[in-house]
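Throughout, a chain's letter reflects where its sequence line sits, starting with A, and its residues are numbered from 1. This one's a predicted model, so the numbers in the text were calculated from it and none came from an experiment.
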2 protein chains.
Amino acid sequence: MATASRALNGGDRVVTDELRTRVLQAARQLRYVPNAHAQALANRTRATVGLIMHDVSDPYFAAITRGAMEVASAHGALVMLGSTFRSPHREIEYVSTFRAQRAQAILVVGSGFDDAEYLEAMRAELGIHQDAGGRYAFVSHHDLPGDAVLPDNAVGGAAVARALLELGHRRFAVASGPSSLTTVEHRVGGFVDAVEEAGLPRSAVRVVEREFSEDGGYDAARDLVREGLSATALFCASDVMALGALAALREEGVSVPGDLSLMGFDDIPVMRHLAPPTSTVSLDLAGMGRAAMRLVLDVPQDGVVEESGAGGPRRLRFPAEVVLRESTTAPTRR
Amino acid sequence: MATASRALNGGDRVVTDELRTRVLQAARQLRYVPNAHAQALANRTRATVGLIMHDVSDPYFAAITRGAMEVASAHGALVMLGSTFRSPHREIEYVSTFRAQRAQAILVVGSGFDDAEYLEAMRAELGIHQDAGGRYAFVSHHDLPGDAVLPDNAVGGAAVARALLELGHRRFAVASGPSSLTTVEHRVGGFVDAVEEAGLPRSAVRVVEREFSEDGGYDAARDLVREGLSATALFCASDVMALGALAALREEGVSVPGDLSLMGFDDIPVMRHLAPPTSTVSLDLAGMGRAAMRLVLDVPQDGVVEESGAGGPRRLRFPAEVVLRESTTAPTRR
DNA sequence: CTGTTAGCGCCTTCAT
DNA sequence: ATGAAGGCGCTAACAG
């Protein structure tokens with residue numbers, strides 16, 4: 001048994017060539033694959049990483065996942081998937097499940113929740129995971145200690161405001177998600193701050209808070225229109241919300257950008273194909289996924305700049321850049 | 001130890017209340033989670049399913065995955081993800097990896113490859129998996145024995161042809177993927193057959209074969225235009241290809257549907273938002289994912305009709321229905 | 001009802 | 001270079 005084990009694993013010169021080939025051949029004939037559980041038990045770990053996120057079918061998460069999968073498979077790491085559908089409870093549950101699996105690493109993708117109970121539970125779960133030798137990292141802010149890949153959400157939000165101001169807009173609407181999501185908070189916060197910095201009153205921005213989803217974007221835009229829209233530009237906290245908003249605007253007969261300029265955030269692949277091609281803030285989503293996976297797999301990054309206090313958590317910042325397309329123009333309405 | 005195990009797992013009345021609470025409390029205090037590998041080893045199985053597909057960031061697979069995840073998490077099954085990026089080799093490798101994990105079930109999503117070596121290897125791997133008590137199923141055709149969830153690809157392709165014929169089109173172009181993919185073969189085959197059945201010559205359809213991807217769609221449309229398009233309607237073998245085709249047509253100055261009617265296949269969520277909203281063939285993608293997961297988890301289906309020979313493989317057929325939107329009109333060019 | 005004893009399949013010392 | 005033995009953490013079968 002020991003010899004077979006050595007022949008199969010220890011690629012080294014510890015087994016006679018003849019014996020090794022004999023073992024290998026038998027294995028092939030039997031289509032033998034070692035029991036990964038037994039290996040994991042004996043080795044006390046395994047190249048496995050747990051991926052926790054809202055929902056893979058959301059293009060934002062899909063793109064990040066793709067990047068993560070590329071790196072994982074290049075390094076022979078097995079990926080386990082956990083969809084939370086935005087439930088903090090499920091998120092914690094998945095950490096615990098992956099802990100039970102003795103996952104080598106856990107990747108928590110997407111906005112954190114601003115909720116004391118959740119934060120405490122996550123901190124505890126992740127702490128134990130780490131004490132047991134596991135790694136973990138976040139993609140997006142989490143108000144929790146740990147390595148992270150961070151999109152420049154606030155900077156992006158501010159850039160949107162400045163781009164719109166430069167076009168001549170002075171009254172804005174924002175289709176926001178729940179402010180308890182850190183991502184939303186940063187994007188909308190950055191936007192509002194930039195507007196105020198430009199000397200406009202707070203009242204220049206009308207913020208509507210709905211679900212952080214396509215339906216939420218739809219609801220927000222429809223309600224905004226029905227309450228008698230005075231804004232000349234609408235900023236959506238994500239492209240997925242912008243998708244919904246666009247549908248609502250079409251139904252309500254509001255022309256984009258004629259009546260209203262529209263901007264999203266993320267630059268998911270379809271934005272360029274929409275009617276009209278929609279302005280947004282581009283983020284290297286797949287790159288973020290790759291960087292995060294590299295972070296937890298402890299392989300060197302590839303061009304991404306690391307910004308970390310000495311010994312502190314490692315943080316990889318991803319720039320957010322405004323991409324102007326046809327959904328934004330100078331305001332024409334009076 | 002045994003008592004602790006019983007208290008934790010066997011929800012029955014086999015342990016004194018007092019002892020059980022004591023165990024439970026200790027577990028909670030220590031944030032104990034049982035080692036899943038040890039459990040799997042002792043139990044010889046675990047509720048784990050391996051999901052094999054091309055790429056989660058492709059909206060088609062993303063939607064199917066979403067459905068599969070819903071059912072999996074409702075049944076407490078852990079999902080492992082394998083992205084093949086269309087490599088038959090990796091597909092086989094993942095089956096073997098999941099076999100090593102002693103996955104309870106393996107779900108192979110997406111078109112199979114028409115390749116003898118691949119088919120033989122898959123048959124062997126899946127056979128061993130099954131002999132070891134594992135289940136598996138396909139989503140889409142695979143020319144391999146086993147349970148399957150099958151979209152009506154050929155029927156859908158034919159329906160596209162008929163819809164276009166009815167609008168008055170007589171000369172067609174098809175942006176096809178590699179004909180070695182069964183999905184492509186069925187869709188394009190159904191289309192071509194229906195055109196011939198309508199009494200038109202084979203030459204009425206110009207088929208261009210490119211990658212089965214957005215880039216492939218782009219290349220196909222661009223090349224068709226540059227070679228001097230005589231068709232009045234373009235059928236793309238998938239919506240993702242249609243996305244690329246639309247971009248190419250825009251760049252080449254071909255107006256849709258003015259110069260050319262366009263149809264895709266799948267009805268991925270964005271099609272309705274495109275410029276113009278694009279006609280396609282709708283498939284209940286998430287439903288297919290759910291059905292497939294139910295199939296391998298052996299839980300009753302929910303409204304989906306099963307079509308199976310007695311004792312033979314179980315097959316769930318999903319209807320494909322044409323959805324006409326603004327990318328298709330009667331031909332105006334001469 | 002509780003405790004004891006074998007494995008589950010593999011890997012890793014430790015002898016040989 | 002090979003083989004034998006112990007243990008990874010848990011559960012199931014068997015005693016008590």
Query - B/Leu30 CG to D/dG9 P, straight-line distance once rounded to whole Å - result: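 About 14 Å, once rounded to whole Å.
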
Sequence neighbours left out, what passes ring pair (Phe, Tyr, Trp, His ring centres under 6.0 Å) with [X]? Give chain and number order.
| X | value |
| --- | --- |
| A/Tyr94 | A/Phe98 |
| A/Tyr118 | A/Phe113 |
| A/His129 | none |

Requested in this report: Would you mind listing every side chain to side chain donor-acceptor pair (under 3.5 Å) that reaches into residues 24-36 of chain A, with sequence neighbours excluded?
Outcome: A/Arg31-B/Glu125

**Report entry** Salt bridge A/Arg66-B/Asp58, side-chain N to carboxylate O under 4.0 Å
**Finding:**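 Judged by the 4.0 Å cut-off on N to carboxylate O distance, A/Arg66 and B/Asp58 do not form a salt bridge.
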
Under 3.5 Å, side-chain donor or acceptor atoms of residues 136-145 of chain A against the rest of the protein: list the pairs with distances, not counting sequence neighbours.
| from | atom 1 | to | atom 2 | distance (Å) |
| --- | --- | --- | --- | --- |
| A/Tyr136 | OH | A/Pro145 | O | 2.9 |
| A/His142 | ND1 | A/Ser140 | O | 3.2 |
| A/His142 | NE2 | A/Gly110 | O | 3.4 |

**Report entry** Inter-end axis angle, the helix from C/dC1-D/dG16 to C/dT16-D/dA1, with every axis fitted to five base pairs (rounded, 10 degrees)
**Finding:**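 If I round to tens, the end axes sit 40° apart.
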
Query raised in the report: Could you write nucleotides 6-16 of chain C as a row of B, S and -, 5' to 3', where a protein heavy atom under 4.0 Å of any base atom gives B, of only sugar-phosphate atoms gives S, and otherwise -?
Result: --BBBSB----

Report summary line: Contacts satisfying ring-ring contact (aromatic ring centres under 6.0 Å, His included) that involve residues 41-62 of chain A (not counting sequence neighbours) are A/His54-A/Phe61

Query - side-chain N/O A/Thr3 vs D/dG3 OP1/OP2, d < 4.0 Å - result: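 Affirmative; the distance criterion is met.
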
Which donor-acceptor pairs under 3.5 Å do side chains of residues 284-299 of chain B form with protein atoms, sequence neighbours excluded?
| from | atom 1 | to | atom 2 | distance (Å) |
| --- | --- | --- | --- | --- |
| B/Asp284 | OD1 | B/Gly287 | N | 2.9 |
| B/Arg290 | NH1 | B/Glu70 | OE1 | 3.2 |

